[in-house]
Protein chains: 2
Amino acid sequence: MKQPKQYSKVTMRDVAAAAGCSTMTVSRALQKDGRVSEKTRKRILKTVKELGYVPDMTAGSLSSMRSGFIALLLPSLNNQHLAEMVHALTDELAKADLQLLIGHTDYLSSKEERLIEMMMRRRPEALVICYDGHTEQAMKLLKSVSVPVIELWEDPDAPIQHTVGFSNFKAAYAMTEALIARGYQAIGFIGEACDDGTRAGARRKGFQAAMTDAGLDAGRVIQHDVMPISIEGAKQACEELLDSFPEIDCIFCVSDPAAFGALSLLQEREIAVPDAIGLCGFGNFEISRFTHPPISTVGVDATVVGRKAAELILRIRNEDNEGEAGDGGQQMSEHLRLKPELMFRRSLKPQP
Amino acid sequence: MKQPKQYSKVTMRDVAAAAGCSTMTVSRALQKDGRVSEKTRKRILKTVKELGYVPDMTAGSLSSMRSGFIALLLPSLNNQHLAEMVHALTDELAKADLQLLIGHTDYLSSKEERLIEMMMRRRPEALVICYDGHTEQAMKLLKSVSVPVIELWEDPDAPIQHTVGFSNFKAAYAMTEALIARGYQAIGFIGEACDDGTRAGARRKGFQAAMTDAGLDAGRVIQHDVMPISIEGAKQACEELLDSFPEIDCIFCVSDPAAFGALSLLQEREIAVPDAIGLCGFGNFEISRFTHPPISTVGVDATVVGRKAAELILRIRNEDNEGEAGDGGQQMSEHLRLKPELMFRRSLKPQP
DNA sequence: TTGTAAGCGTTATCAC
DNA sequence: GTGATAACGCTTACAA
């Protein structure tokens with residue numbers, strides 16, 4: 001039989017031959033807990049180096065039924081939060097020799113289904129996904145999938161299985177309450193279009209609920225771009241907002257980049273922040289600390305999300321190993337809730 | 001034999017049995033160019049759906065000797081440029097059913113070697129890497145690796161193999177010349193520490209060469225953080241720069257986020273930009289268009305880098321398939337050079 | 001167009 | 001502690 005292309009010249013068999021032992025012994029010598037005599041192991045590791053042997057995990061995975069992959073579905077990579085989270089997740093998982101397979105949906109649920117299938121072909125040991133409104137078909141897929149599913153960045157009403165996140169609704173509600181407590185009444189909101197079932201939508205609804213509950217007008221809302229809103233889009237939205245509701249005394253933005261765009265317009269129009277209008281974002285991105293004035297925001301630690309998700313994955317994985325029998329599959333699920341922090345900076349007037 | 005865990009219940013064998021054919025026929029029916037009668041294919045696809053069969057690419061890869069992976073080594077994901085590039089790369093590669101394996105080095109060359117090994121275990125069909133000064137050991141590894149290597153974001157003096165990028169030195173040189181042409185003389189530079197052999201270092205050297213060549217003082221340089229410089233770090237660097245060289249009339253920053261940090265300080269000190277001091281970044285990040293004033297910068301299209309890299313990969317891959325014999329391996333290499341664009345905005349005074 | 005047989009490179013299992 | 005053997009689920013090569 002002729003194969004089209006050689007992966008690599010050296011196989012475990014070659015190492016075994018050179019070291020004068022069987023492939024099983026080589027395999028054991030390279031495992032973490034392989035029971036091999038110290039002498040043999042040394043000899044094998046030396047041979048491995050000499051031959052420049054690099055194990056083939058494709059073969060290993062197939063044989064051991066463990067791919068070593070964790071699939072991660074993101075809306076986008078171009079987002080400081082998500083990038084930080086990926087960073088933390090990668091590093092934590094690497095400690096357990098797990099590797100991320102990353103896919104992005106571009107905030108399009110249509111892409112999600114295709115992506116889930118693609119990922120499942122690699123037989124990941126867990127599926128991590130940013131909550132953002134799945135299609136019915138995708139939900140079905142996710143629920144039918146035979147690996148643990150972990151949703152991030154939200155504390156959903158109807159979780160698929162495990163979750164690590166916080167209630168975007170409650171966080172936005174709390175921030176809105178705080179704005180009101182500072183004396184703002186005619187608060188506007190800059191958000192995204194088509195935000196049903198998404199974190200952005202939850203934030204908008206949190207804002208509106210808090211306004212309504214306080215007896216204030218919850219109607220000063222501009223939903224501009226389809227997700228994600230760009231700085232430019234937010235700038236335009238801000239313009240619309242000011243033109244439609246000249247009485248506005250504060251603007252709450254669905255994200256920090258959106259707030260940055262809004263600030264850009266306010267500066268252009270020479271509207272003083274916070275003296276004429278207060279401003280507030282969501283996410284605590286780095287830039288918000290360095291604008292003039294710095295932008296108030298809702299802070300969540302993306303690194304913590306990533307780390308907690310990794311810990312959860314490892315925990316689940318170990319449990320699975322213990323309950324080896326592969327019995328019915330206990331339908332336990334963990335829900336880690338983070339607490340976002342309201343961060344007040346000079347873009348808002350101080351509490352009276 | 002008992003395996004510890006079942007990947008998935010349904011295998012190709014099951015599909016074959018249910019469809020009343022051999023696994024080979026199922027395999028063919030699922031391939032792009034599989035020669036199967038339309039009737040059989042339909043029957044098989046129907047069975048696939050009914051059983052919820054998801055092919056196991058681990059097995060497929062092992063058998064076909066094609067992993068379907070492209071390894072990508074990044075310094076960081078938390079960078080708008082790199083995120084955009086990953087985005088484009090992912091999408092283009094997906095068209096050819098290739099998937100990215102992403103690793104990040106945190107700008108630490110020590111991590112690079114470990115990472116290369118990890119990646120090679122998955123038998124990627126190409127290795128894509130952001131140029132940023134490899135250690136000798138890593139260079140050796142990269143040169144010995146039996147897959148095509150593509151370096152991005154630089155046009156290096158001593159490329160490993162293929163490259164897609166531009167000369168950071170020349171780009172910074174050109175921008176510095178332009179600054180001088182605008183009448184700036186006491187130009188300062190905010191860069192990163194330990195930038196030897198990196199793109200940041202090339203930019204700094206380009207700046208210094210242009211200054212020296214113009215008979216100006218190239219010594220007004222502050223190298224602050226180890227890479228990557230943060231907004232905060234740049235802000236501090238700007239402070240040092242102003243304190244050390246009060247005569248400065250313009251500041252060139254190694255990146256746009258650095259320029260953003262510098263601007264933050266200038267605003268805090270109420271130093272007018274560009275009237276008192278000009279400002280310039282590198283990279284054309286989105287934020288630079290929305291500051292006040294907008295920041296001049298050197299623009300490169302990250303999406304193009306990603307797309308060109310993908311095209312290159314596919315081209316190489318096809319060539320490999322044609323020259324099937326696996327003969328000596330023609331040592332061809334392609335070098336795609338992009339042209340950065342100098343983008344002048346209101347942070348610099350106009351050309352006299 | 002379809003099927004048969006033989007691996008791909010590793011690890012699980014069980015015997016020694 | 002070590003080895004022989006049989007998978008893992010798929011595709012290549014070749015035969016029909």
Side-chain angles (χ1 to χ4, degrees), chain A residues 1-17 19-44 48 51 53-68 97 120-123 125 321 324 326, chain B residues 1-17 19-44 48 51 53-68 97 120-123 125 321 324 326:
Chain A
M1 174 177 166
K2 216 184 282 175
Q3 295 290 347
K5 197 178 159 186
Q6 211 89 338
Y7 263 165
S8 146
K9 290 133 246 271
V10 191
T11 72
M12 193 178 265
R13 199 189 216 108
D14 299 324
V15 176
C21 63
S22 73
T23 60
M24 252 336 283
T25 308
V26 176
S27 177
R28 289 196 184 98
L30 294 174
Q31 315 253 320
K32 281 186 171 169
D33 55 347
R35 278 85 47 94
V36 192
S37 74
E38 212 37 57
K39 194 184 143 204
T40 318
R41 161 175 277 119
K42 263 191 186 159
R43 180 161 40 92
I44 290 175
V48 164
L51 300 187
Y53 170 66
V54 178
D56 185 336
M57 289 187 73
T58 308
S61 298
L62 181 62
S63 184
S64 67
M65 307 301 279
R66 312 170 122 266
S67 66
D97 278 316
M120 292 316 294
R121 292 182 182 215
R122 296 292 187 176
R123 300 295 189 264
E125 303 186 29
N321 282 356
E324 292 206 43
Chain B
M1 174 179 164
K2 214 184 285 174
Q3 295 290 348
K5 196 179 162 186
Q6 212 88 335
Y7 263 166
S8 146
K9 291 135 242 286
V10 192
T11 72
M12 193 177 265
R13 199 191 216 105
D14 300 324
V15 177
C21 64
S22 72
T23 60
M24 250 338 282
T25 307
V26 177
S27 176
R28 289 197 185 98
L30 295 174
Q31 315 255 319
K32 282 187 172 169
D33 55 348
R35 279 86 48 92
V36 192
S37 73
E38 212 38 56
K39 193 184 144 204
T40 318
R41 160 174 278 119
K42 264 190 186 160
R43 179 161 40 91
I44 291 176
V48 164
L51 300 186
Y53 170 66
V54 178
D56 185 337
M57 287 186 74
T58 308
S61 297
L62 182 61
S63 185
S64 67
M65 307 301 279
R66 313 171 122 266
S67 66
D97 278 315
M120 291 316 293
R121 291 182 182 214
R122 296 293 187 176
R123 301 295 189 264
E125 303 186 30
N321 282 357
E324 292 206 44

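A, B, ... follow the sequence lines: proteins, then strands. Residue 1 opens every chain.
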Handout entry: Pair A:D97 + A:K32: basic N to acidic O under 4.0 Å
Key = yes
Problem - Nearest listed nucleotide, side chain of A:T40, among C:dT1, D:dG1, C:dG9 - result: D:dG1
Completion exercise
Closest to the side chain of A:M24, out of C:dT10, D:dT11, D:dG3, is D:dG3
Handout entry: Sugar-phosphate only, base, or nothing, as touched by A:S37 at under 4.0 Å among non-hydrogen atoms
Key = sugar-phosphate
Handout entry: Atom pair distance, as rounded to whole Å: CG in B:L30 and P in C:dT2
Key = 13 Å
Practice task
Provide, to the nearest angstrom, the distance between the CG atom belonging to B:D14 and the P atom belonging to D:dC10.
Solution key: 9 Å
Problem - Closest-nucleotide 5' rank along DNA chain C - winner of B:A59 and B:G20 - result: B:G20
Fill in the blank from the handout: Whole-Å distance, A:R66 CZ to D:dG9 P, equals 15 Å
Exercise for the section: Check the distance between D:dT2's C1' and A:R41's CZ and give it to me in whole angstrom. Expected result: 13 Å
Practice task
Ignoring backbone atoms, test whether B:T25 places a side-chain nitrogen or oxygen under 4.0 Å from the OP1 or OP2 oxygen of C:dG3.
Solution key: yes
Fill in the blank from the handout: Taken to the nearest whole Å, CE/B:M57 to C1'/D:dC8 is 17 Å
Problem - Nearest listed nucleotide, side chain of A:S63, among D:dT2, C:dG9, D:dC10 - result: C:dG9
Practice task
By nearest nucleotide on DNA chain D, pick out whichever of B:S27 and A:E38 is the more 5' one.
Solution key: A:E38
Practice task
Give a yes/no on whether any side-chain N or O of A:S22 is located under 4.0 angstrom from OP1 or OP2 of D:dG3.
Solution key: yes
Exercise for the section: Look at the side chain of A:R123 against the base of D:dG9 and say whether a donor-acceptor pair falls under 3.5 Å; ignore hydrogens and angles. Expected result: no
Exercise for the section: Identify the two heavy atoms, one from A:M12 and one from A:V26, that lie closest to each other, and give their separation to 0.1 Å. Expected result: CG-CG1, 3.6 Å
Exercise for the section: Would you mind reading off the distance between B:L62 atom CG and D:dA7 atom C1', rounded to a whole angstrom? Expected result: 12 Å
Completion exercise
Winner on side-chain proximity to B:R35, out of C:dT10, C:dT1, D:dT11, is C:dT1
Exercise for the section: Compare the minimum distances between each of C:dG9, D:dT11, C:dT2 and the side chain of A:D56, then state the nucleotide with the smallest one. Expected result: C:dG9
Practice task
Decide yes or no on side chain to side chain contact (heavy atoms under 4.5 Å, CB included) for B:I44 and B:T40, but give the supporting numbers first.
Solution key: CA-CA 6 Å; B:I44 291 176; B:T40 318; 3.9 Å; yes
Exercise for the section: Using a 4.5 Å cut-off on heavy atoms from C-beta on, say whether the side chain of B:V54 contacts that of A:R123. Expected result: yes
Exercise for the section: Would you kindly give the CG-to-C1' distance between A:D33 and C:dT11, to the nearest whole Å? Expected result: 13 Å
Handout entry: Any donor-acceptor N/O pair under 3.5 Å between D:dG3 base and A:R28 side chain
Key = yes
Exercise for the section: Please confirm whether the backbone N or O of B:M57 pairs with a side-chain atom of B:S61, one donor and one acceptor, at under 3.5 Å? Expected result: yes
Handout entry: For atom CE of B:M12 and atom C1' of D:dC8, their distance in whole Å
Key = 14 Å
